[in-house]
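Just follow the structure's listing: the first ligand is 1, and inside any ligand the first atom is 1. Numbering of residues begins at 1 and proceeds along the displayed sequence. What you see is a predicted model, and the numbers here were worked out from it, not measured in a lab.
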Amino acid sequence: MCGIVGYIGYRDAYPILIKGLQRLEYRGYDSAGVALFDGNNINLAKTKGKVEDLSKKAKTDISLKGTLGIGHTRWATHGVPNDVNSHPHYSNSGDLVIIHNGIIENYESIKKELGKRGYTFSSDTDTEVLVNLIEEVQKTEDVKLGKAVQIALNQVVGAYAIAVFDRKKPDEIVVAKLGSPLAIGVGDKEFFIASDASPFIEFTNNAVYLEDEEMAIVRLGKEIKLRKIKDDAIAYPNILELQLNLEEIEKGGYDHFMLKEIYEQPRAILDTYRGRLLADQGIIRMAGIDDHLEKFLNANRIIIVACGTSWHAGLVAEYIFEDLARIPVEVEYASEFRYRNPVITDKDVLIAISQSGETADTLAAIKLAKERGAFVFGVCNVVGSSIARETDAGAYTHAGPEIGVASTKAFTTQITVLTLIALKLAKEKGEFSSSKFHEFLTELETIPAKVERALQSDELIKVIADVYKDSNNCLYLGRGYNFPVALEGALKLKEISYIHAEGYPAAEMKHGPIALIDEQMPVIVIATKKGHYEKVVSNIQEIKSRKGQIIAIVTEGDEQVRNLADHVVEVPETLESLTPLLTTIPLQLLSYHIAVMRDCNVDQPRNLAKSVTVE
Ligand code: G6P
């Protein structure tokens, strides 16, 4: 978490840094800061709050001159969010200044040592300890900044993406990475540094993504030099040409990124299967699977690891893989899997699902599975992300940048990719006749238009949101394929509107949650025609007889549930295993509208961050 940005070149650094930080706010937004070098001095402004607060403060407090600078937007790990704990941090001499995304785990012992040598600390952060350690190395070893950073980093345990510069040598920024992402944008006589490419996309399409345990000295007028932090070996920068464009990372007329991203789903799903799903030829082409087909076909089981919304996509995938491809699947929270000494063999295939491709727990789970011999496959959205690089093979979702912290289009595109994989394996294993396979492929091709139709309930959902916006609790029920959708619906509501919500398998309700039901309790029930419809109708009756308020998600034309429910939202009919792609849409819209009506910060909910690069 935390976003970092830096610039060195010939333009004014300040506007680049501020705009860059705004684009990185999805990574954390409890405080922000910038440091600029004006030719003689470092001018530093930082504050608790958003980048907007920083920009007001910087304008009044400091000179905004300078063509070299760094900036930071924070999601607090060590030390509460306040002005002092915000980044950048100075070293004691005031010559070095640093920004950091990550955690230095052994900072306490280093702090103690530095304290004995006379260093003082104004903040509670691990980062201030790191910059002073670099300064101490610089002094005692009499080395240049790059070398000092390297020596210091060999003494720390933890994760970092850092950028640091020295007032006495203002023609370079030293950057390093372990566990947190760091990209360098390579322009003509200028360089950009950032947690992802969004801050510099209008200036250059060329970027170098640092690998773990690499560092670089980004020096004006010079080519980038990469080094391995551990053994000083030279690494050669791989300059990638980015596909990202500016429109994709702007709101495009929508009030919030989340709403834009909800509405982008027809396009995102289409982009995700485009070129892979060839219905007329009756094939699914996915290089990541085609090249490793035997691994999948011979697998004893598939283990899926993920966090948050991606974990919910994993649960949907469990239904799809087992139902269609008849392959046993286990779905695990990456954070549990990594620490519970799981049994993994070289006959297992592990699928890691991650929008950002940077989630620390998911990365750790991948490393563990690889060590124990499993074949590891990634489903990521962010191209070139750590998980995409760490896995043996993978398939990207082509959702485009997702900026709203609450995940929407990433979820439906993850399900799309996983469905393609399951269908392909089902076909290869002979579980499907050609005609059944063809039926699935052609139906999948109709999904973007059906999502479009589901989006047309937006106004109706707004009316429903208005009725329930002041609720304190909310229950989401679904069965089969729509049980994970119920979990995801509840998560969306919690995340952005701060209403307590629980997702439950509809039939489990009678083992607990039914005790909560009274006339104050809205219950959202997914009751589409295919998949245990009659059973869900019985569950609805149980709720009704306890006076619960029912909002039902039903198949177009449904009459039975309409007669029972207080509100009904229709989605088009599709195959049972594809229903999550449609039933998710009204739940996303409901959370969105409730959050807006409650005046919540939809795109940046409190305490959350989009990319969780710490444990
Ligand atoms: C955070 C985000 C969620 C996301 C989860 C996993 O909690 O706020 O929206 O689902 O991380 O992220 P990933 O990038 O691995 O999918």
Side-chain angles (χ1 to χ4, degrees), residues 1-3 24-30 75 77 101 179-181 195-196 256-258 261-262 268 304-317 331-338 350-367 376-391 394-397 399-415 417-418 484-485 487-498 503 584 587-588 591-592 595 600-615:
M1 352 256 282
C2 302
L24 292 175
E25 262 190 320
Y26 73 87
R27 302 181 61 82
Y29 34 80
D30 59 40
W75 187 87
T77 54
N101 165 205
S180 304
S195 301
D196 69 33
H256 299 95
F257 280 111
M258 182 180 177
E261 288 157 7
I262 290 173
I304 297 179
V305 293
C307 303
T309 290
S310 298
W311 183 75
H312 294 155
L315 290 181
V316 175
V331 188
E332 301 239 16
Y333 284 117
S335 53
E336 286 299 314
F337 180 82
R338 63 180 290 193
L350 182 125
I351 300 182
I353 309 173
S354 174
Q355 187 285 129
S356 63
E358 301 296 342
T359 302
D361 285 321
T362 311
L363 257 172
I366 290 170
K367 286 181 184 155
V376 179
F377 189 89
V379 174
C380 296
N381 190 37
V382 177
V383 176
S385 54
S386 302
I387 292 177
R389 292 199 306 267
E390 192 68 38
T391 41
Y396 284 116
T397 53
E402 191 182 66
I403 293 167
V405 165
S407 191
T408 52
K409 62 177 180 170
F411 180 65
T412 44
T413 54
Q414 285 164 347
I415 294 174
V417 162
L418 293 158
V485 176
L487 294 179
E488 174 59 11
L491 177 65
K492 285 289 86 83
L493 191 70
K494 274 186 274 212
E495 280 179 311
I496 61 170
S497 72
Y498 318 137
T584 302
L587 305 191
Q588 294 171 341
S591 311
Y592 171 78
C600 297
N601 188 334
V602 172
D603 283 334
Q604 296 174 345
R606 70 182 178 210
N607 304 339
L608 296 178
K610 181 113 195 109
S611 172
V612 181
T613 55
V614 294
E615 283 195 42

May I ask you to identify the nearest protein heavy atom to atom 11 (O) of ligand 1, giving residue, atom name and distance to one decimal place in Å? Lys610 O, 3.8 Å

Any heavy atom of Ala609 under 4.0 Å from ligand 1? The part involved is backbone

As an exercise, identify every atom of ligand 1 less than 4.0 angstrom from a heavy atom of Ser354. 13 (P), 14 (O), 15 (O), 16 (O)

Considering non-hydrogen atoms of the protein only, which is the closest contact for atom 7 (O) of ligand 1, and what is the distance? Val612 CG2, 3.9 Å

Identify, by atom number and element, the atoms of ligand 1 in contact range of Ser407, meaning under 4.0 Å from any of its heavy atoms. 9 (O)

Nearest non-hydrogen protein atom to atom 5 (C) of ligand 1, with distance, is Cys307 O, 4.0 Å

Side chain, backbone, both or neither: which applies to Val405 and ligand 1 if a contact is any heavy-atom pair less than 4.0 Å apart? both

Which atom pair, heavy atoms only, marks the closest approach of Gln414 to Gln355? NE2-N, 3.6 Å

Judged by modelled atom types alone, do Glu488 and Thr309 share a side-chain donor-acceptor pair under 3.5 Å? yes

Residues forming a side chain to side chain contact (heavy atoms under 4.5 Å, CB included) with Ser386, sequence neighbours excluded: Lys177, Glu358, Leu363, Arg389

If I apply the N/O under 3.5 Å rule, does Gln414 come out as touching ligand 1? no

Closest non-hydrogen protein atom to atom 15 (O) of ligand 1, residue and atom name please, with distance? Thr359 OG1, 2.4 Å

Expected output: side-chain Lys409 to main-chain Pro401 donor-acceptor under 3.5 Å: yes

If I compare all heavy atoms of Gly404 with all of Phe257, which pair ends up nearest, and what's the gap? N-CB, 3.7 Å

Considering only protein heavy atoms, which is closest to atom 16 (O) of ligand 1, and at what distance to one decimal place? Ser310 OG, 2.5 Å

Do you know the tightest heavy-atom contact between Cys600 and Ile496? CB-O, 3.2 Å

Taking all atoms of both residues into account, what is the closest heavy-atom pair of Ile353 and Ala313, and its distance? CD1-C, 4.3 Å

What are the two closest heavy atoms between Ser356 and Ser385, and how far apart are they? O-CB, 3.2 Å

Shortest protein heavy-atom distance from atom 10 (O) of ligand 1, along with the residue and atom involved: Thr309 N, 3.0 Å

